[in-house]
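Here is how names work: the chains are called A, B, and so on, in the same order as the sequence lines, proteins then strands, and each is numbered from 1.
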Number of protein chains: 2
Amino acid sequence: MQFDETDKKLLLFLQQDAKQTTKELSYKLGLSVTAVYERVKKLENNGVISKYVAILDKTKIDRNFIILCHVKLIQHKKEYVMQFEKEVMNLQEVIECFHVSGDYDYILKICVKDMEDYRNFMLTKLTTLQHIASTHSSFTISEVKNTTEITL
Amino acid sequence: MQFDETDKKLLLFLQQDAKQTTKELSYKLGLSVTAVYERVKKLENNGVISKYVAILDKTKIDRNFIILCHVKLIQHKKEYVMQFEKEVMNLQEVIECFHVSGDYDYILKICVKDMEDYRNFMLTKLTTLQHIASTHSSFTISEVKNTTEITL
DNA sequence: GGTGAAAACACTCTCAG
DNA sequence: CTGAGAGTGTTTTCACC
């Protein structure tokens, strides 16, 4: 898919604030309301914009302890991989999970309240999953950057 | 901050789709439009909802190659840490960056088009940063889970 | 590609209760 | 929290550049 400069700016603006009115966007882009409206609709219909979501402040909902957990499976049989992935998807503490190359098979981003909750999560949820050989947790000291915005 | 069941549901709905109208939400929650409106405003003003954003489909904007890069600094002097973090924040390919405990100092989530772009990013951007001792890249084979949604 | 205007509709926001 | 009303934005169509 090809985007001109106006589309790129529009996508940037919408990634920063999805609640802007078409009127505001038309002013920022130097276009008419109709033109902006049609571009936005096109990007939505194309699936370039997949959804609009509210982003919560993790400090205000007691979920500001972030852990990056590296997981190795005992084997890479398709059955094991599928089952592990299915189970991980259902863990609400796991915000992201990537199947990766390298020393570990998966890297999980986990959000909980504090170390006690994490201990609890490990004991009652993660380590009860099947086919896990080992895990290695990296605790977040600080969140340097954490955005959903992709610059085109 | 304390949330009742209605707030929790409301936050879940808004994290799934921020473009729902108050009317739709009032129906789902079994409340009046005004009641929902005031709850949403309160959550916005409290800062629990920090922003509303558009989420793009990475496959449609040629940014679907995700790398988790582990970075070690040569030293942990405050000056080095500050400078590295400042420089990383300005790299648009870096979507997330966490200062973590363990073998590596930082874990970065990087989104680019393909391996060629990543090589380019490493050579012209990441490895030109000061004070880096070593890096280790984990390439994403598949994105098992990648959400912005936090269940309360 | 784009503009501008008009009309119908839906939603936001406030206020009295 | 509710219901109603005023104000505002959205959405669509149109003629036109």
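With side-chain heavy atoms closer than 4.5 Å counting as contact, directly or through intermediates, the hydrophobic cluster containing A:L14 also holds A:M1, A:F3, A:L10, A:L11, A:F13, A:L25, A:L29, A:L31, A:V36, A:V40, A:L43, A:V48, A:I49, A:Y52, A:I150, A:L152, B:L56, B:I61, B:I95.
Side-chain contact between B:Q75 and B:H131 is absent, with no heavy-atom pair separated by less than 4.5 Å.
Ring-plane geometry between A:Y106 and A:F84 is classed as tilted, the angle between the planes lying from 30 to 60 degrees on a 0 to 90 degree scale. Between A:Y118 and A:F65, the ring planes are perpendicular. Angles over 60° get that label, and only those under 30° would be called parallel.
On the nucleic acid side, DNA chain D contacts chain B at distances under 4.0 Å to non-hydrogen atoms, with the end points of that region at D:dC1 to D:dA4.
Note on B:D17 versus A:K51: no salt bridge recorded, every NZ/NE/NH1/NH2 to OD/OE distance being 4.0 Å or above. Between A:R119 and A:E116 there is no salt bridge, since none of the side-chain N atoms of the basic residue sits less than 4.0 Å from a carboxylate O of the acidic one. Salt bridge B:K41/B:E38: absent, no basic N to carboxylate O contact under 4.0 Å.
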B/S/- contact track for nucleotides 1-17 of chain C, protein heavy atom under 4.0 Å: SSSBB-----SSBBB--

